[in-house]
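Here is the structure we will look at.
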Amino acid sequence: MEYNFRAIEKKWQQQWKESHAYKVSNDSPKPKCYVLDMFPYPSGAGLHVGHPLGYIATDIYSRYKRLKGFNVLHPMGYDAFGLPAEQYALETGQHPAVTTTQNIKAFREQLDNIGFCYDWDREVNTSDPSYYKWTQWIFLQLFESWYNRINAKAEPISTLTAIFEQEGNSRHACPGDRQRTFTAAEWKNYSEKEQREVLMQYRLAFLDYAEVNWCAALGTVLANDEVINGVSERGGFPVVKKKMRQWFLRITEYADRLLTGLETVNFSDAMKEMQRNWIGKSQGAEVTFSVKGSDHTIEVYTTRPDTIFGVDFVVIAPEHELIQQITSAEQKAEIEKYLEYVQSRSERERMADVKQITGCFTGAYAINPLNGHEIPVWTAEYVLAGYGTGAVMAVPCGDQRDFSFARHFNIPITNIIGDAFNGEEANPTKDAKLQNSGFLDGMDMKPAMDAVIDKLEEMKIGKRQINFKMRDAGFSRQRYWGEPFPIVFKDGIAYPLDEKDLPLELPHVDQYKPGEEGEGPLANITDWVNVAPDVKRETNTMPGYAGSSWYFLRYMDPHNSTTFADRKATDYWNQVDVYVGGTEHAVGHLLYSRMWTKALYDLGHIGFDEPFKSLINQGMIGGSSRLVYRIRGTQQFVSHGLKDQYETDPLHVDVNIVDGLELDMEAFKKWKADYAEATFILEDGKYICGVLLEKMSKRLFNTVNPNDLVNKFGADTFRMYEMFLGPVEQSKPWDTKGIEGVHRFLKKLWRLFADENKGLIVTNDAATPEELKILHKTINKIDGDTSSFSYNTAVSQFMICVNELATMKCNKRAVLEPVLILLTPYAPHFAEELWHLLGNTTSILDAAYPVYDESFTKESTFNYPIAVNGKTRTEMGLPLDADNSALEKEVLASEVVQKWLDGKQPKKVIIVKGRMINVVI
RNA sequence: GCCCAGAUGGCGGAAUUGGUAGACGCGCUAGACUCAAAAUCUUGUUUCGGCAACGGAGUGCAGGUUCGAUUCCUGUUCUGGGCACCA
């Protein structure tokens, strides 16, 4: 009876499907556990071995928790809206819905092959109208809400209009327009249009004209995190600034809660740090500088108010409206020229040359409010209009950028930190004593910060101010393959669709070209756009992260047609206990879904305000490319070891036709027509390839399809090998060769149960103490490692256990059966097959997890390493219950220690019970 | 430039409240079985010296603390990731 993994895996996958073994109920007396994978975008390329790493990890965890008596939710679905499907549609004319369906089918087959325990009845697909109905519904919730800063939560817009009618907006500053104030009487006098325009400035989902990252090549606007170094993340096309009417989510209102919420979740420090950096909270002050000879004032934002006596100039952003008003007549032409130059600079250029210092003097002078000094006002592109107040006070002795600027334009530098400033570079210290600083002289910088702000507040020319780097999130795409907005415009005012009219389905189009003004393809369907003579639909669609911002909630109650998820279901499943996915979503997806969760919580739709209790970031699996060396100008290929004797060009070769390092030469000739005539120079009769570690990518011929490995070794081997590679969080290179070791392990374990000729050889004999010892050591190790996602060491322990049992020739049910249960999360088909061969009639998926009993692993003696001066010299088996003086006596008497003592007396003997003994001479 | 993480055999990696460095696997080595191959089993495998016993060195590099450091501290180099005119 051989280990016939193909038949076994097929049989049990079928059986589990028929018995609905993975069906999960929302109604269970068991404790719940929610284990989630970041759902994939179903690309046409399919899965390679890097993708399932996280899925296998969560699958093992889910099965483990189930064995431990939990009701485990472990769902899977598809993030199916997205650019590639649409790009593909543009190229081939195939409808994205069609290609997406095909891709999903292919993904599903690959996933099923690996034997995951997903409850497929709960599958979600973000492009399915029954799903995006609720994406649209949540969008309307955001549209119909505002953020009440006093209560620190989102509230329905009706509470805001009630406030306006009572007291205007005096206590609720307008987040979209800081200057805007009105009284209750004024509010009531506004026309409907005016009122709705005001409300738009408060809504959590709102329209605004804003400069956005316009990518002409993609015909779309990109989020900040989709633009890398001024080019689009996808495709690498240039991105420029363009003013467009866009939907936004007012995520900035949640900045503080997104920050403090991090303290309540279990993410890695690196992940939290990335989110903190993205949110970018800074504490400082706003200071008003008056402009000499005019009524204008300049508001600057600074995080270092303590350095205010070191201000040598003020810089305002080129986009700042004040520029036109304060520029002197003499500088007018110069400024115009500079502004024109800045206008011509794309974001990309401004980012590319960070070393280049540019700027222009406005001719105006500001007055330092604390010492009355007149200082020049400059404009420079390094100051951004969108951050803080769009103006900075420059302190060259303390800020390198200001220092370089002052040097470049010959602006005199004031030193306020004495010896701490060397005149050659700025010193951004916070630990110096202030000099040259009026009433701050002699003060330490840190307390001076508060002293300055107090003074400014007293003088009514400044105040404490907290700023965030984070901007509101752009929520429109000029694209077809996304959720349509449930919005119509009447007279240019946005109105929501009625809830009963959801979902607003994506209409069919025959072509995917952008609209005339760069709008999405929907703009071309005039009878869809024009609902009534003066009523038009929104033609943008939602971005990729819309559907993924709440999908974890839909899994809880996926077929509900009256709400996005029943409150009973969300209360039961609550937060995701473990979320596993790649770091690439560290900032975007996680922040958006955290914000949506908080908004839904504020509005009373769910009972928790952080979606993911803990997060594990799986490492990337790198590709291990194989290279062949072609002698230049020939079709002759030379083996790696001999290549230096020739002039060669390295070429990538498909890793699937290389066994370890040895090239399959016949397969190589067939691989590409170019190589049909290839000849080889061999070493030891073999062609040995070179190795290069790089990204796993089709282009580099280093991708490995899980299907091939499952075919060759079985899903159980594949699952265990992926885990055996190393810690889940760590990035590591793929090496197909190593899988054989894991496969051997499973076969070896199989042979403890069954013999090729005799069949099942398991006995009911009682286990020996040695057998029980290894069993319980294994139970302890596997239990601990599995619960902590340390699967690589768990697989090692299985191997150690099987090696020992094989040496003992142990075929006893009392030992093997518990091992089988331990193995179930890792190799479920294998375990279930043998479980049934042992005569069990129920499924091993619900077996009782073995319990560790320490009494079987207790030792009475310990093999102490005996060190002399810290260096291990020998080992001695000594009783664990002996007292120190007895141990010392025995150790000193030993031959080896005597040899090292060489007649001398030891200075000291250090005994760590159960660890080691060190003799100091 | 700033922030974070890391650096251990030929390779993936194991071991940190400071206590036998290199578990487990791959690869390689020698052997058994076989006409042969596959499969399986056995042997060795950090490195240097030595037939061996044994001894020297050894966790990126340089120091330090300690009876004892892969683990803690200081400095430094390199690699990976993130952020980047953010005031």
Side-chain angles (χ1 to χ4, degrees), chain A residues 2 229 268-278 280 282 284 300-304 307 314-315 317 350-351 353-358 380-384 386-395 398-402 404-405 428 467-470 583-584 586-587 617 619-620 622 624 660-661 691 693 721 724-727 729-742 744-745 747-748 751 756 790 792-800 803 806 863-875 896 899 906-912 914-921:
Chain A
E2 282 190 318
N229 288 328
S268 70
D269 289 340
M271 184 65 38
K272 289 185 180 182
E273 195 57 29
M274 271 188 248
Q275 294 206 8
R276 282 194 200 104
N277 286 343
W278 187 262
S282 67
V300 307
Y301 175 69
T302 178
T303 53
R304 295 298 301 276
T307 62
V314 165
V315 188
R350 279 171 81 162
M351 281 179 165
D353 17 274
V354 291
K355 299 274 180 314
Q356 195 182 328
I357 298 165
T358 72
E381 60 179 332
Y382 79 81
V383 174
L384 305 178
Y387 184 77
T389 57
V392 305
M393 57 179 226
V395 183
D399 182 292
Q400 187 56 40
R401 206 188 41 236
D402 295 342
S404 308
F405 195 86
N467 269 336
F468 294 96
K469 195 160 114 184
M470 183 164 71
T583 354
E584 63 272 26
V587 175
N617 287 111
M620 298 238 290
S624 180
L661 296 178
V691 177
L693 296 179
Y721 181 56
F724 187 57
L725 280 176
E729 302 89 337
Q730 198 170 305
S731 290
K732 56 242 160 191
W734 177 258
D735 171 26
T736 299
K737 196 76 184 162
I739 196 170
E740 288 169 22
V742 175
R744 275 183 209 128
F745 151 76
K747 285 199 285 191
K748 192 168 182 177
R751 285 196 305 274
E756 223 172 296
S790 305
N792 55 328
T793 49
V795 175
S796 295
Q797 182 61 35
F798 277 124
M799 290 173 168
I800 292 167
N803 288 346
N863 208 21
Y864 280 95
I866 311 297
V868 177
N869 286 340
K871 263 213 163 319
T872 308
R873 294 300 173 183
T874 187
E875 287 177 0
V896 176
K899 189 187 98 187
K907 280 198 195 118
K908 210 197 293 187
V909 179
I910 292 150
I911 299 174
V912 185
R915 284 289 193 182
M916 49 73 68
I917 295 170
N918 187 16
V919 180
V920 184
I921 299 173

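Naming: A, B, ... by sequence-line order, numbering from 1 per chain. On a predicted model such as this, the values are computed, not experimentally measured, just so you know.
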Could you tell me whether the side chains of A:N918 and A:K908 share a donor-acceptor contact shorter than 3.5 Å? no

Short side-chain N/O contact from A:R751 to OP1 or OP2 of B:C41, under 4.0 Å: yes

For B:G25, glycosidic torsion class - syn if within 90° of 0, otherwise anti: anti

5' priority, RNA chain B, between A:V919 and A:K748 [closest heavy atom]: A:K748

Gap in Å between the two P atoms, one belonging to B:A15 and one to B:C72, rounded: 15 Å

Of the nucleotides B:C54, B:G27, B:U20, which has the atom closest to the A:P865 side chain? B:U20

In whole angstrom, give me the gap between the C1' atoms of B:A57 and B:A21. 14 Å

Please report, rounded to the nearest Å, how far the P atom of B:G25 is from the CZ atom of A:R744. 10 Å

A:Q275 CD to B:G82 C1': how many Å, rounded? 12 Å

From the list B:C86, B:C67, B:G13, which nucleotide is the closest neighbour of the side chain of A:P727? B:G13

Rounded distance in Å - NZ (A:K272) to C1' (B:A5): 16 Å

Distance, P atom - from B:U29 to B:C78, rounded to whole angstrom: 38 Å

Under the criterion side-chain contact (heavy atoms from CB on, under 4.5 Å), I'd like the reasoning laid out for A:M799 against A:V742: C-alpha separation, chi angles, the key distance, then a yes or no. CA-CA 8 Å; A:M799 290 173 168; A:V742 175; 4.0 Å; yes

Can you tell me how the ring of A:Y721 sits relative to the ring of A:W734, calling it parallel under 30°, perpendicular over 60° and tilted otherwise? perpendicular

Nearest to side-chain heavy atoms of A:S796, which nucleotide of B:A87, B:A23, B:C67: B:A23

Rounded to the nearest 0.5 angstrom, the CG-NZ distance for A:N277 and A:K469 is 6.0 Å

Touch class at under 4.0 angstrom, heavy-atom based, for A:K732 against every strand present: sugar-phosphate

A:I910 side chain, from C-beta outward: closest of B:G19, B:G13, B:A23: B:G19

Under 3.5 Å on both distances, the Watson-Crick or G-U partner of B:C86: none

Might you confirm whether atom CE of A:M271 has over 12 heavy atoms from other residues, nucleotides or ligands at distances under 6.0 Å? yes

Could you tell me whether A:T389 contacts a base, only the sugar-phosphate backbone, or nothing, with contacts defined as non-hydrogen atoms closer than 4.0 Å? nothing

Flag side-chain contact, heavy atom, 4.5 Å: A:M916 against A:T872: no

Pick the C1' atom in B:G13 and in B:C2, then give their distance to the nearest Å. 32 Å

Please measure how far the C1' atom in B:C73 lies from the corresponding atom in B:U16, and state the result in whole Å. 16 Å

When we call it a touch if two heavy atoms are under 4.0 Å apart, what does A:K747 touch: a base, just sugar-phosphate, or nothing? sugar-phosphate

Using atom C1' in both nucleotides, what's the gap between B:G31 and B:G10 to the nearest angstrom? 23 Å

With a non-hydrogen cut-off below 4.0 angstrom, is A:R915 in contact with a base, only sugar-phosphate, or nothing? sugar-phosphate

Please give the distance between the C1' atoms of B:U65 and B:G82 as a whole number of Å. 34 Å

Interatomic distance where CE belongs to A:M799 and P belongs to B:A14 [whole Å]: 14 Å

With heavy atoms under 4.0 Å as the rule, sort A:V920 into base, sugar-phosphate or nothing. sugar-phosphate

Could you go step by step and tell me if A:V315 and A:Y382 meet the side-chain contact (heavy atoms from CB on, under 4.5 Å) rule? CA-CA 9 Å; A:V315 188; A:Y382 79 81; 3.7 Å; yes

Picking from B:G82, B:G19, B:C24, the nucleotide nearest the side-chain atoms of A:M274 would be B:G82

Look at the side chain of A:E381 and decide which nucleotide, out of B:C85, B:A87, B:A21, has an atom nearest to it. B:C85

When you measure from the side chain of A:R873, which nucleotide among B:C41, B:C67, B:G55 comes out closest? B:G55

Whole angstrom value for the distance that separates C1' of B:U40 from CG of A:N803: 14 Å

Which of the following nucleotides, B:A87, B:G19, B:G27, is nearest to the side chain of A:V383? B:A87

Could you tell me how far apart A:N467 (CG) and B:C86 (C1') are, to the nearest whole angstrom? 9 Å

As a test of reading the structure: which of B:C83, B:G25, B:G19 is closest to the side chain of A:F724, going by heavy atoms? B:G25

B:U45 and B:G22, which share atom name C1', separated by this distance in whole Å: 12 Å

Does a side-chain N or O from A:Q797 land closer than 4.0 Å to OP1 or OP2 of B:C24, or not? no

Please state how far atom CD1 in A:I866 lies from atom P in B:C67, giving the value in whole angstrom units. 19 Å

Does A:N918 or A:E875 map to a spot on RNA chain B nearer the 5' end, using the closest nucleotide for each? A:E875

Given B:G19, B:C86, B:G27, which nucleotide is nearest the side-chain atoms of A:M916? B:G19

What is the distance from CG of A:N792 to P of B:A14, rounded to the nearest Å? 5 Å

Within-4.5 Å side-chain heavy-atom neighbours: A:V896 and A:I866: no

